[in-house]
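Numbering of ligands and ligand atoms starts at 1, following listing order.
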Amino acid sequence: MNTPVNSAPLFAALDAEAAAALRSSMVEVKAKKGAVIFEEGEPGDRLYVITTGKVTLGHKAKDGRETLLGVLGPGEMFGELSLFDPGTRTATAVALTDVKLLGLSSDSLRPWLTGRPEVSLKLLQALAQRLRRTEDAMADLVFSDVPGRVAKALLSLSDKFGVFKDGELFIEHDMTQEELAQLVGASRETVNKALAEFVNRGWMRVEQRSVTIVDLERIQRRSS
Ligand code: CMP
């Protein structure tokens with residue numbers, strides 16, 4: 001079965017039998033939209049793979065400003081950092097929609113890491129990809145303007161949540177405009193202005209908690 005969960009880094013290196021064995025040591029966790037799954041600063045000893053729904057990972061700066069580090073969907077993993085580097089959670093995880101997760105404790109994970117090096121390699125690859133994306137996002141904060149960052153964030157969301165319908169790209173991101181602004185790292189006003197400009201140019205439509213990209217080429221050009 002090729003469900004998004006089976007393609008998660010944790011399972012990707014395993015055959016069906018081993019993946020089923022690993023799944024049997026995981027516990028299902030359900031969270032309602034808006035529920036806090038864990039908070040930044042808490043000790044953590046469990047990683048999660050999303051089965052259904054979306055999760056935001058957020059960070060609060062000392063001055064109280066909140067930023068979103070990412071929005072994750074089915075098949076994606078979070079909460080692994082405090083397992084590999086024992087310590088406190090580096091971000092707060094919140095259910096953006098109702099979610100179902102599979103949780104794996106560090107005790108259950110360890111035998112898989114030592115007995116199946118291919119699992120460790122896949123997890124390292126996932127961490128390396130995240131590091132690249134974080135570095136990319138930091139460079140964008142310095143070198144790209146807000147409309148460019150908005151275009152880029154929407155394209156990144158479309159990779160996970162986008163669906164082509166009648167030649168248009170529909171992206172149900174489930175975020176409020178404030179959350180979208182936190183993801184882009186700009187004020188709500190500037191992000192709204194950028195979105196309004198894209199709409200005025202006929203490049204997209206903005207609906208509540210979703211956008212529809214009408215002219216993908218223009219958005220791609222604006223993002224680079
Ligand atoms: P952990 O520190 O255990 O809890 C918070 C989780 O958020 C962390 O593990 C990672 O899984 C995830 N995380 C932290 N920083 C980022 C980031 N920049 N992008 C995406 N996910 C992140």
Side-chain angles (χ1 to χ4, degrees), residues 4-5 7-12 22 26-27 29 31 34-62 65-97 99-110 112-113 119-144 149-150 152-161 171 173-175 179-186 223:
V5 170
S7 63
L10 202 52
F11 297 105
L22 177 57
M26 298 177 86
V27 285
V29 178
V36 175
I37 298 157
F38 56 68
E39 247 176 299
E40 184 175 356
E42 282 176 11
D45 66 348
R46 210 193 254 198
L47 68 75
Y48 296 92
V49 176
I50 303 175
T51 318
T52 56
K54 299 186 182 91
V55 170
T56 57
L57 292 161
H59 172 70
K60 203 170 188 170
K62 284 204 178 83
R65 271 187 300 172
E66 291 183 38
T67 45
L68 285 187
L69 302 169
V71 183
L72 307 187
E76 292 190 281
M77 174 186 75
F78 63 96
E80 75 296 334
L81 288 187
S82 34
L83 289 200
F84 297 140
D85 179 23
T88 54
R89 298 290 192 190
T90 55
T92 297
V94 176
L96 183 60
T97 61
V99 288
K100 278 189 195 157
L101 313 167
L102 289 172
L104 184 67
S105 69
S106 57
D107 287 347
S108 305
L109 176 64
R110 196 155 298 117
W112 289 90
L113 298 181
V119 174
S120 307
L121 282 174
K122 281 281 174 196
L123 291 177
L124 276 176
Q125 191 185 17
L127 282 179
Q129 283 169 356
R130 182 176 299 155
L131 184 60
R132 274 180 209 264
R133 278 200 300 269
T134 304
E135 285 185 348
D136 212 31
M138 279 171 70
D140 284 341
L141 275 179
V142 179
F143 298 115
S144 299
R149 283 174 6 224
V150 171
K152 202 162 183 177
L154 293 176
L155 290 176
S156 160
L157 290 165
S158 80
D159 287 341
K160 299 181 190 191
F161 310 119
I171 310 160
H173 54 68
D174 284 296
M175 278 180 284
E179 286 164 332
L180 188 59
Q182 289 173 1
L183 185 67
V184 170
S223 76

the protein heavy atom lying closest to atom 15 (N) of ligand 1 turns out to be Leu69 CD1, 3.6 Å

Polar proximity ligand 1 side, Leu57 side, N/O cut 3.5 Å exclusive: no

Does at least one non-hydrogen atom of Gly44 fall below 4.0 angstrom from an atom of ligand 1? no

Give a yes/no verdict on whether any heavy atom in Gly70 is under 4.0 Å from an atom of ligand 1. no

How does Leu81 reach ligand 1, if at all, at less than 4.0 Å between non-hydrogen atoms: by side chain, backbone, both, or neither? both

Where Val184 and Ala153 come nearest, the two heavy atoms and their spacing: CG2-CB, 4.0 Å

Measure across Ile171 and Ser158 and return the closest heavy-atom pair with its distance rounded to 0.1 Å. CD1-CB, 3.5 Å

Proximal ligand 1 atoms for Phe78, defined as those under 4.0 Å from one of its heavy atoms: 11 (O)

Taking all non-hydrogen atoms of both residues, which atom of Met77 and which atom of Arg130 are closest, and how far apart? O-NH2, 3.1 Å

By number and element, which atoms of ligand 1 are closer than 4.0 Å to a non-hydrogen atom of Ala91? 5 (C), 7 (O)

Under 3.5 Å, side chain of Glu135 to main-chain N/O of Arg132, donor-acceptor pair present? no

Taking the side chain from Ser120 and the backbone from Leu113, do they hold a donor-acceptor pair closer than 3.5 Å? yes

Region of Met77 that comes within reach of ligand 1 [heavy atoms, distance under 4.0 Å]: neither

Atom 8 (C) of ligand 1: which protein heavy atom is closest, and how many Å away? Thr90 OG1, 3.5 Å

Return the minimal non-hydrogen interatomic distance between Thr97 and Lys54, and the atom names on each side. OG1-N, 3.0 Å

Nearest non-hydrogen protein atom, atom 18 (N) of ligand 1: Thr134 OG1, 3.4 Å

What protein heavy atom sits nearest atom 3 (O) of ligand 1, and how far away is it? Ser82 OG, 2.4 Å

Give me the one residue out of Leu57, Val55, Leu157 that meets side chain to side chain contact (heavy atoms under 4.5 Å, CB included) with Val71. Leu157

I need the atoms of ligand 1 closer than 4.0 Å to a non-hydrogen atom of Phe38, numbered in the order shown. 4 (O), 5 (C)

If you scan protein heavy atoms around atom 6 (C) of ligand 1, the nearest is Gly79 N, 3.8 Å

What heavy-atom pair brings Pro9 and Leu123 nearest, and what distance separates the two atoms? CB-CD2, 4.1 Å

Nearest non-hydrogen partners of Leu10 and Leu104, listed with the distance: CD2-CD2, 3.9 Å

Within-cut-off N or O pair, Thr88 and ligand 1, under 3.5 Å: no

Check the angle between the aromatic planes of Phe38 and Phe78 and answer parallel, tilted or perpendicular using the 30° and 60° thresholds. tilted

Tell me which protein heavy atom sits closest to atom 19 (N) of ligand 1, plus the residue, atom name and distance to 0.1 Å. Arg130 CD, 3.7 Å

